[in-house]
Structure formats: structure tokens, C-alpha cells
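Lettering of chains follows the sequences in order, A, B, ..., and the numbering in each one begins at 1.
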Number of protein chains: 2
Amino acid sequence: MAKNKRTPIDTSTEEKIKEAARVVFHRKGFAATRTRDIAEEAGINLALLNYYFRSKQKLFELIMVETTVAFFRTMDIVLNEKNSSLEEKVAHIVSNYIDLILKEPDLPIFMLSEIRNNPDLLLQRLPIEQVIMKSVFFQQHRQAVGEGGITEANPLHFLLNILGLTLFPLIASPLLKRVGNLNEEDFHQLMEERKKLIPVWIKSMMINSDYKPILMDESKLKEND
Amino acid sequence: MAKNKRTPIDTSTEEKIKEAARVVFHRKGFAATRTRDIAEEAGINLALLNYYFRSKQKLFELIMVETTVAFFRTMDIVLNEKNSSLEEKVAHIVSNYIDLILKEPDLPIFMLSEIRNNPDLLLQRLPIEQVIMKSVFFQQHRQAVGEGGITEANPLHFLLNILGLTLFPLIASPLLKRVGNLNEEDFHQLMEERKKLIPVWIKSMMINSDYKPILMDESKLKEND
DNA sequence: GTCTATATACGGATAGAC
DNA sequence: GTCTATCCGTATATAGAC
């Protein structure tokens, strides 16, 4: 905050290269990306890339970390909302991820590919485990299970189901468009439908139909800001 | 069949290279794979690769086509079973894909990555659309919708839900293992659980609970062998 | 900071001996 | 068919002028 002296619209060369690198790396992955592609995308000279970032590898790691953090922040924010019910959180996760990935279609495959190539390097340092397993979301899940409101005790199944229903069509979108003969417009509409449908499906598959929404935060969770 | 004169256990050099190429391409993708990696994996000399397959590109396309065909054959066989109900087909799809991908963990990300890099080349020629949209599975779905047995009229949602619940945990397995602190054994067990759970979930989320299983083939489908 | 020119390394592919 | 040695294009990275 204190030393943030960048221009409001940060169109500096360094920032242009970073943005271009993000786009190209996301689209083609590390190995298939040439530094020339990035320079061209950024509209700058190739030598400047090394001037600012030393190497392709260093630039990539920078992008990779930023991307991963951003991806999990989307989840972190929703999973730890203080004033929403479990059902509301489900709807938020679905909606936020659909919006995010419709805007950044290359994000999931990029992350999954590159994490696979470097499983430890990226995952060992980030506190993903903490963020998810100790989240308000999981606390609420545990509480609902205790009260007989949820039929499946393993919270991983619960989260996997939400993410599977939400992310899989986005991940497999090239195939889906081909199989269903959908253009971009149709595909977006299908995903908008799923924003409404998935929370309903999750409810009927995992939440007892006669369970009263007493799984509000008020009862158990303290707001310690 | 007629000209199949290969040795029973085909351990020929050509076959060794192909198998090695399959493994390495699946693990690292086209761009990150060096022909030297394949040669090493196969335990043969680098020059032999070009002797048998002319180029890295040609070898890759061979592997890619074989992989894609095999992947969709798994779906094709189940989707067009003549003597199974819709619910049975759901269970078969889930079980078959879980078994397949536990054995070949790199398959999904490999296919999705490479299809993305070359959307037309691979998908335009294969009759994926026909296989899926005109399958017995989809006919049965349509019939069940007509009889009020299924609540969601769009068959794409139906198939996406099955595949999303099944494939997403497999696709995201490195992340899942980290988040849930699962070793390989735990992970396999989780997927075995899902073999049983997913068909039940699908039933409760998309199939009317009081729907009689009259959606058998006998009534409508002809066996025209 | 930004450019041109170039050094250096790496990977795909082939020549030619065996 | 299989090997060794090598060629050659391409991509990363740097030197050095401006």
C-alpha cells in the first residue's frame, strides 16, 4: 500500500509483458510457449523480456503463482463467508466459478496441466489444505451432518460434487460444443442454466428434503472480525 | 483380421516405441516431450524412432488418434447397450471410466489439453456427435422424460452431470490428494465409494422418486442386429 | 529503457557404418 | 534393423550500441 506508486492504468512495459505472458502461457502452456510469442503479444522487443524477468522460467513461475493464488482466492472468499448459509454458499461457488471461467476459459486446463508437471513445487507451499478443510463451509457441513440434514458425511464428496458439476462442462467445453452442436452463445446459455440448476440438484442429492434451514451461522459461528 | 500376422506378445521394436510414446506423450503432452525421452523410455536408439515413424509429429498423431478412439469407445459401448436400463447404464459409465482412468491417470488432461491445441483436426473427423446424440442412452432418456420419469429435459445436462461427478475428481486428483491429505490408497478407496454413490445421487437429483422402471428397452427399442 | 545483432544451447532429424 | 556421429533449424538469452 505505502509504496504503491504505479500509474492508475498500469500500462508500463513490465506490466504489459506480464499480462501478455499470462495470456499466452494460459493458452499454450509453458513448453509450447515461445518467448517470441509473448513479446509479440505484448508489442515489445524480445530482449526486454529478459531485461525485466531474467528468463522464461522465472516469468512463468511468477505467472503461475499469481494464477494459482487468484484461483483459490475465489474459493476462499466464498467458503469463508460469515453470513451465508450452506445452501447460499453452494450457489455462490457455482456462480462465481462459472463467471470466472467463462471469462478465462483456459484457466482450468492450464492449472491442471502445469500442476501435474510440477506437483510439489506449487502445492507444497500454498496453504490450500487449511483454507478448504478449516473453512466455515466445512464447519457448516459438519454441523448439518450432525443434525441429520446432510446424508453424506464426507465433506470431500460434497465439495467434489459441487465442483464437478460446475467445472467439468467448462473444462470439457470444446468437446461439449462439438457433441451438442453448440455455438458460443448456446454454451453460455447452458452454463447460465446450470447456475440455477446445480444448487437445486445438490440440495436434492445430498440434503434431506425435510431438513429445516437451521444450519444458519447464528447458532454456532462467532463473528470474530 | 486377415493380415494380422504379428507375434502374440508384440514386443517388436515398433511396438515398443509406440507404447513408450503413448506413456510419455500422455504424461507430458506433445510440446514438452522430447524424442529422446521416448527413445529412453523404450530402451532403444533415438534414430530408430525416425526410422519407424518418420517424425515426432507423425508419431504423435498416431498416438492421439488411437487414444481418442479408445476413450470414446468406452462411452460408445455403454451408451449403446441393448439390454440395460437407463439406470444401469449410468452405473456402467461411472464404473468403466473410474476403472479406466485409475489405470491411465494422465488420459483426461492429456486429451483435453491436446484437443484444445487442435480443436478441429481431431474432432471434425470423428463421429462423436452421432455416437452420443443418437445413442440408445439418449433415446431412453427422451422416453423417460416423456413419461415424466426424468425432471430435466435436456440430455446434455444429464450426461454432463454423470461425467462431471465421475471425471472431475480424477482430473483434479493431484489437487484432491493434497487438499484431502489422501495417499494413493485413500484416493482409490474414495473413487470406489463414488462408483456406488454417483448412481444413487443421479437418481435422486434427476429421476422422479416414484417413477416406475418401465423405462426398459423391451417396450420401445428394437434389436436390429 | 529499448533496440539490433549475435552467442549458445537444445532438440529433431539424417548420413552412413555395421 | 540398429547403432554412432553429426547436421541444422529454432529458441533462449546476452552483448553492446543508442
Is there a donor-acceptor pair under 3.5 Å between the side chain of Lys56(B) and the backbone N or O of Leu49(B)?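 No: the side chain of Lys56(B) does not pair with the backbone of Leu49(B).
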Would you classify Tyr52(A) as touching base, sugar-phosphate or nothing, given that sugar-phosphate means primed atoms plus P, OP1 and OP2, and contacts are heavy atoms under 4.0 Å? sugar-phosphate
Using a strict 4.0 Å threshold on nitrogen-to-oxygen distance, state whether [X] and [Y] make a salt bridge.
{"X": "Glu40(A)", "Y": "Arg34(A)", "value": "no"}
{"X": "Arg22(B)", "Y": "Glu66(B)", "value": "no"}
{"X": "Lys195(A)", "Y": "Glu192(A)", "value": "yes"}

Among side-chain atoms of Ser84(A) and His92(A), is any donor-acceptor pair under 3.5 angstrom?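 The criterion, which ignores hydrogens and geometry beyond distance, is not satisfied for His92(A) and Ser84(A).
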Nucleic acid footprint by protein, nucleotides 12-18 of chain C - heavy-atom cut-off 4.0 Å, B for base, S for sugar-phosphate alone: BBB----
Separation of dT2(C) atom C1' from Leu48(A) atom CG, nearest Å, is 5 Å
In whole Å, I'd like the distance from the CD1 atom of Ile44(A) to the C1' atom of dT4(C).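 For the pair Ile44(A) CD1 and dT4(C) C1', the rounded distance is 14 Å.
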Return no unless some side-chain N or O of Thr13(A) is found under 4.0 Å from OP1 or OP2 of dT2(C). yes
Between Phe30(A) and Phe110(A), is the ring centre distance below 6.0 Å? no
